[in-house]
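Okay, so here's the structure we're looking at.
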Amino acid sequence: MGEKIVVKVGTSTLTYENGILNLRRMERLCKVLCDLQNSGNKILLVTSGAIGVGMGKLSLPSRPKETKKLQALAAVGQCELMFMYDKFFGEYNHTVAQLLLTKHVMETQHKQDNVNNTIETLFEMNILPIVNENDTVAIDEIPGECFGDNDMLSAMVASLIRADRLVILSDIDGLYDKNPKEFSDAKLINYIPRINEKIFEMAADGAGSNRGTGGMKTKLSAAMHATNAGIKCSIINGQKPEALYDLIEGKEIGTTFAPQHTNESTQKGDTNDNT
Ligand code: ADP
């Protein structure tokens, strides 16, 4: 029996510094996800990248600031992004489906059930759902109107579908005890039994690159949401998507956050709480 796995990939993993798609990496990621599906897992992909891809498609030299322009770009880019996913997954004979969600789906149990039923039906048909926020209607200037970032979207979707595992692919190996971009002696933490304030203090504010979005703090908030829903969560480097195989085989890759209220978190103990 395989696992139900949500994988989140960010813009900095999917694109080059100029904002244009990193085709080689995207192709490798799609191949790995196909293979994980072939071996019996149910995979759902949460993807960012629509604005970056839209910029590349329209050959824009810089990212616009106006919300309506960003939304227009996302609308162009989402099309191209799905076209590429369809092509790469299609190479391995896998079918994908696009789900554009807004935070409103979380408002009632009925709406959540509808989304969950759709995703479960796609899984039954062996189709790989690809989820993004519907940027055309989600306006981040209105508090509470949107998920905020795709890290949180992925955690919410993972809990909605009762996933076994959430894997966030980042531009870094995982959570370090301090920001490794600032401190050369920062150490990677492999296992976090429980996310507390001390853990949040390790993460610096803001994204690590011009294409990164939320930064490590938003990933920790997402990890907290997922683990509180009993879902194991890992942050690993998305540069080598093949690392997903190792992670799922149980090797110590990146940073793994223990699910709460489960046997596993008590088995492994909270003795490392000061990590
Ligand atoms: P992504 O685009 O992969 O979602 P982000 O830029 O949003 O990545 O977040 C990852 C970045 O968070 C890292 O590149 C790093 O610069 C920054 N960061 C801040 N504090 C930490 C920390 N303690 N451990 C790891 N990364 C950190």
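Both backbone and side-chain heavy atoms feed into the values below; hydrogens, waters and symmetry mates do not.
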Legend entry - Heavy atoms from other residues, nucleotides or ligands near CZ of Phe83 exceed 12 (cutoff 6.0 Å): no
Legend entry - Candidate list Asn150, Thr13, Thr15, test side-chain hydrogen bond (donor to acceptor under 3.5 Å, both in side chains), partner Ser48, passing option: Asn150
Legend entry - Carboxylate-amine/guanidinium proximity below 4.0 Å for Asp171 and Lys181: yes
Inset, instruction - State, with a plain yes or no, whether a side-chain heavy atom of Asn196 is found less than 4.5 Å away from one of Ile199. - result: yes
Inset, instruction - Please examine the side chains of Leu29 and Leu169, heavy atoms only from C-beta on, and report whether any two atoms are closer than 4.5 Å. - result: yes
Legend entry - Side chain Asp164, main chain Lys4, donor-acceptor under 3.5 Å: yes
Legend entry - Name of the residue among Asp35, Asn126, Asn38 meeting side-chain hydrogen bond (donor to acceptor under 3.5 Å, both in side chains) with His94: Asn38
Legend entry - Gap between atom CG of Leu128 and atom CG of Leu44 - 0.5 Å precision: 7.0 Å
Legend entry - Within 6.0 Å of CG in Asn117, more than 12 heavy atoms from elsewhere: yes
Legend entry - All side-chain hydrogen bond (donor to acceptor under 3.5 Å, both in side chains) counterparts of Asp113, not counting sequence neighbours: Gln109
Legend entry - Flag, side chain of Thr227 to backbone of Gln260, donor-acceptor distance under 3.5 Å: no
Let me have the donor-acceptor pairs involving side chains of residues 98-108, under 3.5 Å, with sequence neighbours excluded, atom names and distances please.
residue, atom, partner, partner atom, Å
Gln98, OE1, Gln78, NE2, 2.9
Thr102, OG1, His104, N, 3.4
His104, ND1, Glu107, OE2, 2.5
Glu107, OE1, Lys111, NZ, 3.1
Thr108, OG1, Lys111, N, 3.1

Inset, instruction - Any chance you could lay out the salt bridge (Lys or Arg N to Asp or Glu O under 4.0 Å) test for Asp151 and Lys219, step after step, and finish with the verdict? - result: CA-CA 6 Å; Asp151 295 321; Lys219 286 176 186 37; 3.2 Å; yes
Legend entry - Under-4.0 Å salt bridge between Glu120 and Arg162: no
Legend entry - Set of side-chain hydrogen bond (donor to acceptor under 3.5 Å, both in side chains) partners for Ser39, sequence neighbours left out: Asn41
Legend entry - With sequence neighbours excluded, residues passing salt bridge (Lys or Arg N to Asp or Glu O under 4.0 Å) with Lys240: none
Inset, instruction - Kindly write out the residues that satisfy side-chain hydrogen bond (donor to acceptor under 3.5 Å, both in side chains) with Lys42, not counting sequence neighbours, or none if the list is empty. - result: none
Inset, instruction - State, yes or no, whether a side-chain contact exists between Phe183 and Asp177 at a heavy-atom distance under 4.5 Å. - result: no
Legend entry - N/O donor-acceptor pair under 3.5 Å between Asn228 side chain and Met224 backbone: yes
Inset, instruction - Sequence neighbours left out, what passes side-chain hydrogen bond (donor to acceptor under 3.5 Å, both in side chains) with Asp86? Give chain and number order. - result: none
Legend entry - Any donor-acceptor N/O pair, Glu133 side chain to Phe147 backbone, under 3.5 Å: yes
Legend entry - Heavy atoms from other residues, nucleotides or ligands near NZ of Lys178 exceed 12 (cutoff 6.0 Å): yes
Inset, instruction - Specify the closest pair of heavy atoms between Ser170 and Asn237, including all atoms of both residues, with the distance to one decimal. - result: O-OD1, 3.4 Å
